[in-house]
Amino acid sequence: MLFRKILVAGAMSLVATGAWASCAFENKVPLKSLSAAFEAWKAVTSAMAECGNFTAELDQEFREKQPAAFAANPALYQIGGVANSTMVPLLNAGTIRPLDEYVAKYGQQLKPNQLIKVDGKTYAIAMMVNNQHLMYRSDILEDLGIPVPKTWDDVLAAAEKIKAAGVVDYPLGGTFKTGWNLGEEFVNNYLGEGGEFFGPGNSPAINNEKGVRALEIMKAMTAYMDPEYLVSDSTYVQQQFQQGKIAMANLWASRAAAMDDPAESQVVGKVKMASAPMGSVRPASSLWWDGVVFATNMTEEQADAAFRVAMEGLDREMVEANNDVAVWLIEGYKPGPAAEGAIATANNGAVPYPASGPMGIMHTALGNGIADYLKGAKDASTTLADIEAAYLAAAREAGLVE
Amino acid sequence: MKFRTFAAFVAPSVVMMLLFIAFPLVSVLVQSFFVTQPVYDTVEVETCTPGFLGQICTTEEKSVPRRDENGRIVEVTRFVGLESYRNVIEPDRFWAAVKAHSWAAVQAIDFWKALRFTLMFTLVTLPLVVGLGLAIALAINNAAQAVRGPVIFVSLLPFIITPVIGALSINWLFRGDGILTAALEWWLQRDIAMFAQAWTIETLMVLYRVWHVAPFAAIVFYAGLQTVNQDSLESALIDGASRWQRLRFIVIPHLMPLIVFVAIIHLMDTYRVFEEIVGFSSQGHVISLQWLTYDYLKPDQAGNRSISRASASAMLTMIGIVIILIPLLRRTWRDHRRARA
């Protein structure tokens, strides 16, 4: 139902803008894609659809379907949309194919940066990057004479001043929803402290000073956040910003454009972007990419057509029509003010999200385990030890740890 | 009825039950004693991913599943006995916590935390549902004939709403400065955050479940009220029994089999509480046994899921339901035998 609505919405925006030149070739092979459902994927799949014989399935729960759908022979989808972490199960199962010959044939416009390589072979074509970075209300910071925060200490000091001034409900917002979001916050801060997640043999290695420091930063933030932080996800934080309830947050770059959307936002032009606050070593953020992969289980003819259609979706015209929807990696992208934070974060040395099989388990264990510390039910070291124990139980069952 | 006719009528239902209930149950039981996992090789892998300007390449040791000549992941299945059950219940940690007399330590273990909430939820909502259901049934029964239809319709409404949708609606009404939280804040003149601590969330869950299920109890009791012996009621009236005494000594004993029936259904349903946890996104504060099974079963981003622990947890939930039903089933059994004797 939702999918159909999105298709209709996609088709309507196509009619409405009409700015895109139609596809360079006419596609005769029926093709299907499965990807996440955020704005950038709508833009890309709508552009692919111009080639004809193409249906897109946009589904936020795509990762639950993708491994099985790609393992089928023939695969149920020829084109898949993935990110760092969701490529792992497909790569492990060998259900996505190497792309070097197609890149040589049809991919002249691709930048080297877009080719996701594993052991020298290209397995995915990236289209955009995403990371969490600082967004702040420039008007409030200027009024109170606070410089743009660079480290967590700056952020906390600024939050204290904003709280004292009482200009917003809560100085800070945060994507602290128990589960994936909360796990990601720890990952960001732990990477910011320069931490490593695993020792030899996939053994967990987070119960150390860096882990404790990461937790302490998170706890310090909660003092300035909406007390219902354990249920607040990215959309909720975005809305808090748009409704003028918070002054700062380390939020996803893909949410930046929404701050200036006059239909939703009461703070148009007041939210500025900056690098994610620095931890002891790096910015407290991790770099993500989104891109397309192609099924192993399809005919050569299908693979050829699928790659060409995807290239049409990832071309300059699509980017020019949707410049501010994402931080694109595609030729023709002009970074606007909304992308400043994402770029600054990358330039300050943020590292890619360390996607892997064990990391999937670790992320889940973190997402489930950290709430107890933030609520004060456990101290930092016990929390990390319990998370390591939960990781070990799951990793043993998965066969990743002896 | 001839046996052949009987069998012909019953067979489709028996086949369906075997196919969709019995076999899956056996399969879950079997899976809970086995672990299936891929064979991993540790290899050095170079991965290149985009930075903003240039690529970032890292070389590190990764566990890569072995694949056979057909490209399928090689998996091994081994018998692990009760290990998955131990991993769910964590008996060692539990006993250590009990010996240390630390309730907090017991509640730090997922299974026991979930069990605590599930039992509380089940046992608190039961009397409320029965009581409220009876009250609604009596209200309908005493309503004038003309308004009875609309009253039945309105009181059934909560039962019609899809549970997840209902839970989400309550979530939105109370979340942040939702309408009802804002109203409470105005009334009490203080700041309120309903989703910031466990007890407020649990209270909302109990209220929601009672609101949602009481109509079912009410409609069953209302049907029962139609068959109360009017002669007994009249004689009680003549003997000067008060309204309360008539209810206590005539109506409730008459409804008892129905009350037991509603209680059994309610216990079975409520022990599997799940929609409230998801709808209220409460897992940071409150989890239930059914949610725990779901969490084991749900793949993470790298595609790992804990099928064996999920199976063990599902079996434990079933065992829990059987245990909690024993007193009521014994009562029904006794009544049954007495009726026959």
Side-chain angles (χ1 to χ4, degrees), chain A residues 63-64 67 84-86 88-89 92-94 112-120 126 129 177-180 182 201-202 226-231 236 287 289 296 327 329 342-343 346-347 351-352 355-361 363-364 368 371-372 375 377-378 386 390 393-394 397-400, chain B residues 35 37-40 42 45-58 60-65 67 71-73 75-76 84 87 90 93 104 107-108 110 171 175-177 193-198 280-285 295-296 298-309:
Chain A
R63 66 165 165 273
E64 313 216 340
N84 315 27
S85 56
T86 41
V88 174
N92 277 346
N113 199 10
Q114 282 181 269
L115 309 177
I116 305 297
K117 292 191 172 178
V118 178
D119 274 341
V129 287
K177 181 175 172 175
T178 320
W180 193 88
L182 189 56
N202 296 326
D226 184 340
E228 294 177 356
Y229 54 82
L230 285 178
V231 292
Y236 194 67
L287 301 181
W289 56 264
T296 306
V327 182
L329 291 166
I343 295 168
N347 288 343
V351 289
S356 70
M359 193 60 202
I361 297 175
H363 201 129
T364 305
N368 285 340
D372 278 345
K375 285 187 297 179
K378 291 181 195 167
D386 284 353
E397 189 174 333
L400 285 162
Chain B
V35 162
Q37 44 190 214
V39 180
Y40 283 99
T42 306
V45 181
E46 187 196 36
T47 317
C48 294
T49 57
F52 188 69
L53 293 171
Q55 271 199 322
I56 302 171
C57 294
T58 47
E60 53 190 2
E61 292 211 324
K62 284 202 167 163
S63 298
V64 177
R67 294 209 292 264
R72 286 181 193 282
I73 292 180
E75 286 184 329
V76 287
S84 297
N87 286 340
E90 305 187 57
R93 261 178 89 189
Q107 289 302 296
D110 282 345
N171 182 349
R175 174 92 160 272
D177 287 331
M194 294 299 279
F195 289 87
Q197 55 282 313
F280 288 34
S281 33
S282 73
Q283 54 271 32
H285 297 284
D295 193 48
Y296 289 138
K298 199 173 53 145
D300 63 37
Q301 292 214 321
N304 307 296
R305 44 170 112 207
S306 305
I307 303 270
S308 304
R309 274 190 298 167

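Below, read A as the first sequence line, B as the second, and so on, with proteins coming before strands; counting in each chain starts at 1.
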Legend entry - Closest heavy-atom pair and its distance - B:Pro50, A:Trp289: CD-CD1, 3.5 Å
Legend entry - Side-chain donor or acceptor of B:Asn304 paired with backbone N/O of A:Pro358 under 3.5 Å: no
Inset, instruction - Could you tell me which of A:Gly94, A:Ala355, A:Ala390 has the largest number of non-hydrogen atom pairs under 4.5 Å with chain B? - result: A:Gly94
Inset, instruction - Measure B:Asp110 against the heavy atoms of chain A and call it side chain, backbone, both or neither at under 4.5 Å. - result: neither
Inset, instruction - Mind checking the CG-CZ spacing from A:Asp226 to B:Phe195? Nearest 0.5 Å is all I need. - result: 11.5 Å
Legend entry - Residues B:Thr49 and A:Asn84: side-chain donor-acceptor under 3.5 angstrom: no
Legend entry - Per-residue contact mode, A:Asn202 against chain B (heavy atom under 4.5 angstrom): side chain
Inset, instruction - Against chain A, label B:Ala108 side chain, backbone, both or neither, depending on which of its atoms sit under 4.5 Å from a heavy atom there. - result: both
Inset, instruction - Might you point out which heavy atoms bring A:Leu400 and B:Ser63 nearest each other, and give the distance in Å? - result: CD2-CB, 3.8 Å
Legend entry - CD on A:Glu64 to NZ on B:Lys298, rounded to 0.5 Å: 7.0 Å
Legend entry - Heavy-atom donor-acceptor pair, A:Glu397 side chain to B:Ser84 backbone, under 3.5 Å: no
Legend entry - Under 4.5 Å from any heavy atom of chain A - which part of B:Val45: both
Legend entry - Portion of B:Arg93 that has a non-hydrogen atom of chain A nearer than 4.5 angstrom: side chain
Legend entry - For chain B, the option from A:Val351, A:Val88, A:Ile361 that forms the most heavy-atom pairs under 4.5 Å: A:Ile361
Legend entry - Toward chain A, the part of B:Phe280 with a non-hydrogen atom under 4.5 Å: backbone
Legend entry - Non-hydrogen atoms of A:Ser356 and B:Ala302 that approach each other most closely: O-CB, 3.5 Å
Inset, instruction - Output the option from B:His285, B:Glu61, B:Gln197 having the highest count of non-hydrogen pairs under 4.5 Å with chain A. - result: B:His285
Legend entry - Among the listed options A:Leu182, A:Asp386, A:Thr178, the residue most often paired with chain B at heavy-atom distances under 4.5 Å: A:Thr178
Legend entry - Heavy-atom check, side chain of B:Asn171 versus side chain of A:Val231, under 4.5 Å: no
Inset, instruction - Apply ring pair (Phe, Tyr, Trp, His ring centres under 6.0 Å) to A:His363 and list each qualifying residue two or more places apart in sequence or on a separate chain. - result: A:Trp180, A:Tyr353
Inset, instruction - Give, as side chain, backbone, both or neither, the part of A:Asp119 having an atom under 4.5 angstrom from any heavy atom of chain B. - result: both
Inset, instruction - Can you tell which part of A:Tyr229 gets under 4.5 Å to a heavy atom of chain B, answering side chain, backbone, both or neither? - result: neither
Legend entry - Part of B:Thr42 lying under 4.5 Å from any heavy atom of chain A: neither
Legend entry - Beyond-backbone contact of B:Ser282 with A:Leu230, side-chain heavy atoms, under 4.5 angstrom: no
Legend entry - Minimal non-hydrogen separation, B:Ser281 against A:Lys177, with atom names: CB-CE, 3.7 Å
Inset, instruction - Could you pull out the closest heavy-atom pair between B:Ala193 and A:Pro227, with the gap in Å? - result: CB-CG, 3.7 Å
Inset, instruction - Specify which of A:Ala93, A:Gly201, A:Ala126 makes the most heavy-atom pairs with chain B at under 4.5 Å. - result: A:Ala93
Legend entry - Heavy-atom contact with chain A under 4.5 Å, split by part of B:Arg67: side chain
Legend entry - Sidechain-backbone polar pair: A:Lys117 side chain, B:Cys57 backbone, donor-acceptor under 3.5 Å: no
Inset, instruction - Under 4.5 Å, counting heavy-atom pairs only, tell me which of B:Arg72, B:Arg175, B:Lys62 racks up the most with chain A. - result: B:Arg175
Legend entry - Least distance between heavy atoms, B:Gly284 atom then A:Ala371 atom: O-CB, 3.8 Å
Inset, instruction - List for me each residue that meets side chain to side chain contact (heavy atoms under 4.5 Å, CB included) alongside A:Thr364, sequence neighbours excluded, and say none if there are none. - result: A:Asn368, B:Asp300
